[in-house]
Structures are given as structure tokens and as C-alpha cells.
Engineer: 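One structure follows; several queries about it will come next.
Every heavy atom of this structure was used, including side-chain atoms; hydrogens, water molecules and symmetry mates were not.
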Amino acid sequence: MEEFNEWISYRKNLINKELELFLEKKNNFQSVIYDAINYSVFAGGKRIRPILTLASYELFDYDILIPMPFACAVEMIHTYSLIHDDLPAMDDDDFRRGKPSCHKKFGEDIAILAGDALLNKSFEIIFNINNDINISPEKIIEAGRVLSYASGSEGMVGGQIVDLHHNKNNLEILEYMHLHKTGALINASCKIGGILGGADDDELGHLDEFSKNLGLAFQVKDDILDVEGKNEEIGKPTGSDVENKKLTYVTLLGVEKAKKLEKELTEKSISSLDYFGGKGDCLEKLAHTLLHRKN
Ligand code: GRG
């Protein structure tokens, strides 16, 4: 386990260093946008999605600097979604990652623009991938297509709309919402790693299955943490789902059934890795780490 924690830390540190380079502050008239972006990106996220991109790539090749720009792009889109999700017009959350949310610190106008800027930056760094990195333009385009689709109206944004504007009163719509809102980006994180690594259709199919179930398990865990987690570990007040009468896996099924579901989904996701033999070990350990996470 200690060894795997080091495996994670190594990748997390590399991702953070690359993010710092991509998001370097500029001393110009709009410098506040860099302050806001850096504030939110470096507020202590777990970097699950970019680590999934690297780990999925590592099923096929060892050089994790190759998928790194995409891994950072995924984290930028994730952070943008959290900044916008916290806005008063959406979830209206005052805290994120243990600190005042972006709009609380910088105001709503700057928070909206920081999210917009992160989304644009993510695609800028993909278009800037140059000859130093040995990936074919076809793979870059395909991975970029997957990322933009997953972030948009048929993916994360679509899921957010269902969250805001539908009465989610049964498992079917709850699952639809989460497969899109949280699941689409987790799914894309893995598929992008596979595409850049040269996965064939069967391999991509197994990564797709793995990450869809993992994304749902991740969300069920998030709902469980809202009732069982500790404020100081989660970085924002717990119990908000019940307080806001939000429909979650826990409010719909109860804690025990939600835990059972999370375990089943994790096991299902791991079974898709059998196809990769021993090469799937790190993804399997990541899935277990997510199952037992405390934040
Ligand atoms: C605003 C377009 C738009 C979309 C928002 C993903 C999302 C869509 C909102 C987040 C709402 C939320 C808190 C969902 C629960 C699951 C989740 C995505 C948790 C946050 O992800 P972590 O745990 O966060 O990976 P860190 O801070 O570790 O990066």
C-alpha cells in the first residue's frame, strides 16, 4: 500500500508541476484572472481524473509525459466545473476544497470568468501540443473530440442541467444525471489515456466499461461522505444534501444499501480490467483507493 501511495504521489506531484507551468501568472491588466484560477486549481484537489488519464495510458506505454497535457486539460475542466457549480445560480456553496469558494474570494464576475478561462485554456494546451511530444495529430484530435463531447451538453453540462431542472425522484434519472454530470469526465479521462496510448476498439470498450462504473461508484461514495464524512476532511460542511432535501443515493436508498451499491459498482468496474491482465493492477488499486477514500 505504501508503495502505491508513492505511485500516486509521484504522479500527483508531476501533474501539479505541469499545471503550474500551464497556469503561470501574468503581470498584466487582467492579472486577477490568474490569481483566481491558481487559487482554485491549487486549493488541494485529489487529481483523480488526471491520474486516471495517466494510469489508462500506462496500460500501453510507460512515458507519462506524453498524455500529461491532456491530463492537465482534464483537471482544468474539472476545476472550472466546480467553480461554476459553487456559484449562487447553481449549487450556491461557500466552501470548496477547504477554502472559500472562488466567487466568495473573488466575486461572482471573476469566478464565472475564471471558469471560462480554464475551459479555454484546456483546449489551448491541447492545440499547443507540439513535436516535442510524440503523439500523432489523429490521436490528439480524437482525444480532443472525446474531451469536448464529455464536457458539453451531452456530457457534464447536460448532467448539470438534469440536476438543476428535473425532479429526480427515481434511480433511473439519478443514474442518468450522475453518468453525465460526474461520470462523463471520469469516463473521458480514461478513454483519452487509452486513445493516446493506441488502444484498439476492444481495449477502449473495456476502459469505457471500467470508467462508467467507477464514475457511478465515485458518486455514490460522494453521497455517503456527505452523511458520514468529516467536515475538515471533505473541505466543506457535510449534511448539506439532507438539509437541502437533495435526492441522492443515500436519501433514496439509505446508507447501508448505498454502501452495498458502491461496492458492487467498484467490483463491476474492476472486472473490466481482467482483459488487461496484470497491466490493469494500478487502475484496480486506484478503484479501491476511491472506494475507501475519506474526502
Ligand atoms: C457547472 C457545467 C457545470 C458542471 C458542474 C461535476 C459538476 C458539474 C459539479 C460538481 C458537483 C459535485 C460536488 C459532484 C459530486 C462529485 C464530484 C464531482 C466531486 C468533486 O470531485 P473530486 O472529489 O474533487 O474529485 P477534488 O476537489 O478532489 O478535485
Side-chain angles (χ1 to χ4, degrees), residues 1-23 38 40-79 82 97-99 125 132-135 182 185-194 196-199 203 206-207 210-211 213-215 217-218 221-222 224-225 229-230 232-235 262-263 265-267 269-295:
M1 200 58 204
E2 194 48 42
E3 207 180 298
F4 188 63
N5 287 340
E6 275 171 29
W7 183 95
I8 293 185
S9 303
Y10 177 74
R11 279 150 190 77
K12 201 171 159 183
N13 289 340
L14 268 186
I15 290 161
N16 284 337
K17 278 193 193 127
E18 292 290 318
L19 281 169
E20 268 171 29
L21 292 176
F22 283 130
L23 300 174
N38 277 273
S40 289
V41 170
F42 296 106
K46 297 183 288 297
R47 311 297 191 225
I48 288 162
R49 295 156 192 79
I51 292 176
L52 281 170
T53 301
L54 302 186
S56 301
Y57 180 86
E58 287 179 89
L59 290 171
F60 308 96
D61 183 44
Y62 65 90
D63 186 357
I64 54 175
L65 289 182
I66 291 184
M68 190 58 86
F70 270 94
C72 292
V74 166
E75 184 65 19
M76 287 179 199
I77 292 180
H78 167 59
T79 306
L82 298 180
R97 293 173 166 172
K99 293 165 74 174
I125 64 178
D132 302 345
I133 296 186
N134 187 17
I135 332 177
T182 317
L185 200 56
I186 292 183
N187 179 246
S189 306
C190 294
K191 284 203 303 203
I192 287 167
L196 300 177
E203 289 162 335
H206 284 91
L207 269 177
F210 162 73
S211 51
N213 286 312
L214 186 76
F218 181 81
K221 179 75 182 190
D222 206 73
I224 295 169
L225 285 173
K230 296 199 175 86
E232 58 280 14
E233 281 173 339
I234 294 183
E262 192 212 356
K263 201 158 175 278
L265 287 165
T266 305
E267 276 161 12
S269 81
I270 288 171
S271 69
S272 310
L273 297 172
D274 290 348
Y275 189 79
F276 300 102
K279 287 186 182 165
D281 281 359
C282 289
L283 283 175
E284 178 174 342
K285 285 186 188 141
L286 269 176
H288 278 297
T289 306
L290 294 185
L291 178 72
H292 298 294
R293 73 194 165 100
K294 297 212 165 12
N295 70 356

Engineer: Can you find a pair of side-chain heavy atoms, one from L185 and one from H78, that are under 4.5 Å apart?
Structural biologist: yes

Engineer: Would you say M68 and I133 make side-chain contact, with heavy atoms under 4.5 Å?
Structural biologist: no

Engineer: Distance from I186 atom CD1 to S211 atom OG, nearest 0.5 Å?
Structural biologist: 8.5 Å

Engineer: Salt bridge or not for E203 and K279, using N-O below 4.0 Å?
Structural biologist: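 No, this pair does not count.
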
Engineer: Do I64 and E58 pass the side chain to side chain contact (heavy atoms under 4.5 Å, CB included) test, and can you show the C-alpha distance, the side-chain angles, and the key distance before you say yes or no?
Structural biologist: CA-CA 7 Å; I64 54 175; E58 287 179 89; 3.4 Å; yes

Engineer: Go through it in stages, so that I can follow the logic: the residues are S56 and I192, the test is side chain to side chain contact (heavy atoms under 4.5 Å, CB included), and I'd like the CA-CA distance, side-chain angles, deciding distance and then a yes or no.
Structural biologist: CA-CA 8 Å; S56 301; I192 287 167; over 6 Å; no

Engineer: Can you list every pair that meets ring-ring contact (aromatic ring centres under 6.0 Å, His included) and has a residue in residues 50-74, with sequence neighbours left out?
Structural biologist: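 Of all non-adjacent pairs touching residues 50-74, none passes ring-ring contact (aromatic ring centres under 6.0 Å, His included).
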
Engineer: Would you sort out whether W7 and L286 count as a side chain to side chain contact (heavy atoms under 4.5 Å, CB included), showing the intermediate values?
Structural biologist: CA-CA 10 Å; W7 183 95; L286 269 176; 4.2 Å; yes

Engineer: Please tell me if the side chains of D222 and R293 come closer than 4.5 Å, counting only heavy atoms from C-beta onward.
Structural biologist: yes

Engineer: Atom NZ in K46, atom OG1 in T289: separation rounded to 0.5 Å?
Structural biologist: 12.0 Å

Engineer: With the side chain counted from C-beta on, respond yes when L196 and D61 share a heavy-atom pair under 4.5 Å apart, and no when they do not.
Structural biologist: no

Engineer: Is the closest side-chain heavy-atom distance between V74 and L52 below 4.5 Å?
Structural biologist: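 No, side chains not in contact.
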
Engineer: Output, in order, the C-alpha distance, side-chain angles, deciding distance and verdict of side chain to side chain contact (heavy atoms under 4.5 Å, CB included) for L290 and K221.
Structural biologist: CA-CA 8 Å; L290 294 185; K221 179 75 182 190; over 6 Å; no

